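Below, chains carry the letters A, B, ... as their sequence lines are ordered, and counting in each starts from 1. Please read all numbers here as calculations on a predicted model, not as lab measurements. Side chains are part of it too, since the values below use all heavy atoms of this structure and drop only hydrogens, waters and symmetry mates.
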Amino acid sequence: MRKLSLNKRERIKGSTSFEKIYSSGKKIISSDKRVRAVYKVEFPTATPFVKLGVAVSKKAGNACFRNRVKRLLRESFRLNKPELKVNLGLYILLSPYSFLDKERKYRLSYFSDSVIDVINKIYSGINVAQPGDQ
RNA sequence: AGACUUGACUUGGCAAUCGCUGUCGCAUUCUUAACGGCAGAGGAAAGUCCGGACUCCACAGGACAGGACGCCGGGUAACACCCGGGAGGUUAUCCGUAAUGGAUGAUCUACGGAAAGUGCCGCAGAAAAGAUACCACCUUGUGGCCCCCAAAGGCUACAGGGAAAGGGUGAAAAGGCAGGGUAAGAGCCUACCGCAUCCAUGGUAACAUGGAUGGCAUGGUAAACCCCGUCCGGAGCAAGGCCAAGCAGAAGGCGAUCUCACCCCUUUGUGGGUGGGUCAAGGGCUGUCCGUCCGAUGUUUUCGGGUAGGCCGCUCGAGGUGAGGAGAGAUUCUCAUCCCAGAUAAAUGAUUGCCUUCGGUUUAUUGAAAUUGUUACAAUGAGUUUUCACAAAAUGAUAAAAUUGCUAAAAAAUAUUAACUGCCCACCGGGUACAUAGUACCCGAACCAAUUUUUAUACCUUUUUGUGACUGCACGUCGUAAAAUUUCUCUAACCGAAACAGAAUCCGGCUUAGGAGUCAGGUCUAUAU
RNA sequence: GCCUCCGUAGCUCAGUGGAUAGAGCAGUGGUUUCCGGAGCCAUGUGCGCAGGUUCGAUUCCUGCCGGGGGUA
């Protein structure tokens, strides 16, 4: 895993994989209720990987605003990726849960803390579920 | 200079760090990773409202249906687009008439046809479209009354006729208005205006101008059906093509069944041959028709679909930029030069700092303008004259001090009281006494009110006395200077803001969203010339 | 991407050029009843927004806004 990059290879692609994650993944909401995450563990893998997907619903706003939210979520995950060190395949799907600011002018700091919180929750969830793997 | 408005253009900049997509290099071939270079959203990318390019539908056919467009000319690949012109409406200003009006500017127009046909025009009104007569008008006959009687005349009732000017209704009433004419009226006649037809002139045309004739025929509505003219085949890049594996299946040949046409034989048939077709009210090609294509079943050969995934389509184009030419303009021609996004749960971003633009606040400051129950000086005007100034004394007033009075003293809980007030204790601060703690006793800041005393008073109130002044005094106007206030501006600091919005095959338009800036034009206001 | 439909009272729907826009349920008040329900009577609330055609628009036309469905 390279430093702080987020390639095309480290993203979830295709609608079938999205459906798989939504149907059989685990849901987590951050403690400040800003970010929701769905994750799925793929246990027997040749090489360990982490793949990210971002989804914003159409009710959030117009296309420009949705693009901005996606970029902020992706950026905050990219900067905090070294916190998550796993030996298995992991799909993570982030999406915003609630919007407080009605003027829709967000900075990066709005999402980064809750993304760190979600990452810690996922990390502890994996360690509890698979204790013998560590 | 400011405000409003129209059109065109631009869409914050720089640096650092961390990243994303494509492409090229490293690299002789393949794969993976790293590094480096270059490129990387819009004027609306949006809405999907029109028009095209491109691809497939066998051919891209005919008629009907359906849809779109609709003053004239031009532009274009095409257009519900654009440009120029015409006509009409609205509005502002100016001019003018007895009245209708005319000119200029701005702005709007789905602006073909109502003498091809059908429909509709509620309520009101006599009548809502080749009609009709409620009131009112004129007239004839008969009856009644007025008159002593009759005629004439007048009034009235009924019956008939004329006519459509006036009233009234309505969004709209069968040309308008003036004169003549008449029993009353009427394009019945005449002038002007409108309308229709014809002619002439100008213009490519829409149309305009002029003349003659007619004598009013032709109410409105086509964003009601409709008629006329022009144009349109359908579907859409998720079009369409290719790819490993596998399956559904498809195509061609042959045979069988049935059937049609032609020929032959003759036992004129359940015969033979050749050619075409094959459930015909089926499916496809456009909604329908014509036309046209396919076609049941068995066997064999060949091919091997669609969806998901990947690749292509896919960004060189009605392209951009610059110069020159044509044109009134939209637009177009020539030359030179450039390559300028291509993602696919969807790249073009995040953080920090500095600068730029705009807004607000604060303080200081530069400059300008305005104002004043202000001050001083100068000029001028009309007034006034026991009024003003100075000095002394007294008095008031103010200030300070003292005394007395009034008034406050944490929070919570419980109990009592109908509630309030007073008193006591505790509680706050300080002091005194005894004194280890602590206990007992005493006092209450400031404000306000009243009283008393003393001191001071430059200025201030009132009174008295003395001296001086009318060359005074206060008021109005203007000017100069000062002061104060207000507004604008310059600079600095701080804070905030920098819109609308994200390509998805590509272009040309339209519509909608929206902050700021630049340039050009117009209108209005203010100042100066 | 394309095609198509709808917006009328708090809810479900009629009405399609002529002015007081209607029905059912719901709401409010009254009546009936010993009380309540049912019944009866009365009543309030509206044509998504803007522009145009017309004498007159919920209806016709155009443009926006919002919502639903289909298809590959």
Between B:G130 and B:A173, how far apart are the two C1' atoms, rounded to whole Å? 15 Å

Go nucleotide by nucleotide along RNA chain B from the 5' end; which of A:A63 and A:L72 gets its closest nucleotide reached first? A:L72

Could you tell me which nucleotide pairs with B:U118 by Watson-Crick or G-U wobble geometry, both distances under 3.5 Å, or answer none if nothing does? B:A224

Judged by nearest nucleotide, the residue sitting upstream toward the 5' end of RNA chain B, A:N67 or A:K70, is A:K70

According to a strict under-4.0 Å criterion, is A:R71 in side-chain N/O contact with OP1 or OP2 of B:A346? no

Where is the tightest heavy-atom contact between A:L94 and A:A37, given as atom of each residue plus distance? CD2-CB, 3.8 Å

Spacing between A:F111 atom CZ and B:U351 atom C1', to the nearest angstrom: 16 Å

Determine which nucleotide pairs with B:A165, using a 3.5 Å limit on both distances of a Watson-Crick or G-U wobble pair. none

Of all heavy-atom pairs linking A:S30 and A:V118, the shortest is CB-CG2, 3.6 Å

So, is B:G271 syn or anti if syn means the angle is within 90° of 0? anti

For B:U491 versus B:U480, give the span between their P atoms, rounded off to a whole number of Å. 32 Å

Taking syn as any angle within 90 degrees of 0 and anti as the rest, which one fits B:G313? anti

Ignoring hydrogens and angles, answer whether the base of B:C18 and the side-chain atoms of A:R78 contain a donor-acceptor pair closer than 3.5 Å. yes

If you measure from the C1' atom in B:A133 to the same atom in B:A126, how many Å do you get, rounded? 5 Å

On a heavy-atom basis, which atom in A:S31 and which in A:K121 lie closest, and how many Å separate them? N-NZ, 4.1 Å

Considering only the C1' atoms, how many Å lie between B:G168 and B:C146, rounded to the nearest integer? 35 Å

What heavy-atom pair brings A:S76 and A:S112 nearest, and what distance separates the two atoms? CB-CA, 3.8 Å

Provide the Watson-Crick or G-U wobble partner of B:A127, both distances under 3.5 Å; none if there is no partner. none

For atom C1', what is the distance between B:A165 and B:C135, given to the nearest Å? 15 Å

Does any nucleotide pair with B:G84 by Watson-Crick or G-U wobble geometry, both distances under 3.5 Å, and what is it? B:C72

Calculate the interatomic distance between A:F65 atom CZ and B:A499 atom P; express it in whole Å. 15 Å

Hunt down the Watson-Crick or G-U wobble partner of B:A281, both distances under 3.5 Å, from any strand shown, or write none. none

Using the glycosidic torsion, which applies to B:A498: syn (within 90° of 0) or anti (everything else)? anti

Which value, rounded to the nearest 0.5 Å, describes the distance between A:K40 atom NZ and A:I92 atom CD1? 13.5 Å

Pairwise P distance for B:U457 and B:A393, with rounding to whole Å: 11 Å

Treat a base pair as Watson-Crick or G-U wobble with both distances under 3.5 Å, then lay out RNA chain C in dot-bracket form, 5' to 3', with | for cross-strand pairs. (((((((..((((....[...)))).(((((.......)))))....(((((..]....)))))))))))).

Whole angstrom is fine here: how far is it from CZ in A:R68 over to P in B:G349? 10 Å

Spacing of the P atoms in B:C260 and B:C279 (rounded, Å): 14 Å

Do A:V50 and A:F77 come close enough that some side-chain heavy atom pair is under 4.5 Å? yes

Between C1' on B:U351 and CG on A:D113, what's the gap in Å once rounded to a whole number? 14 Å

With rounding to the closest Å, how many angstrom separate the C1' atoms on B:U505 and B:G36? 34 Å

Scan every strand shown for a Watson-Crick or G-U wobble partner of B:U480, both distances under 3.5 Å, and answer none if you come up empty. B:A376

Rounding to a whole Å, what distance do you find between A:E75:CD and B:U348:P? 9 Å

Atom pair distance, as rounded to whole Å: CG in A:L79 and C1' in B:C20: 13 Å

Where does B:C340 land, syn or anti, given syn is within 90° of 0? syn

Please give, in whole Å, the distance from B:A46 P to A:R66 CZ? 13 Å

Expressed in angstrom and rounded to an integer, what is the separation of A:Y91 atom OH from B:A345 atom P? 15 Å

Of all heavy-atom pairs linking A:L52 and A:R74, the shortest is CD2-CG, 3.9 Å

Would a single hydrophobic cluster contain both A:I116 and A:V35, if residues Ile, Leu, Val, Met, Phe, Trp and Tyr are joined by side-chain heavy-atom contacts under 4.5 Å? no

Using the glycosidic torsion, which applies to B:A116: syn (within 90° of 0) or anti (everything else)? anti

A:L93 vs A:V54 side-chain heavy atoms within contact, under 4.5 Å: no

What is the base-pairing partner of B:C420, counting Watson-Crick and G-U wobble geometry with both distances under 3.5 Å? none

Can you name the closest pair of heavy atoms from A:V69 and A:P96 and give their distance? CG1-CG, 3.8 Å

Please name the nucleotide paired to B:A174 by Watson-Crick or G-U wobble geometry with both distances under 3.5 Å, or report none. none

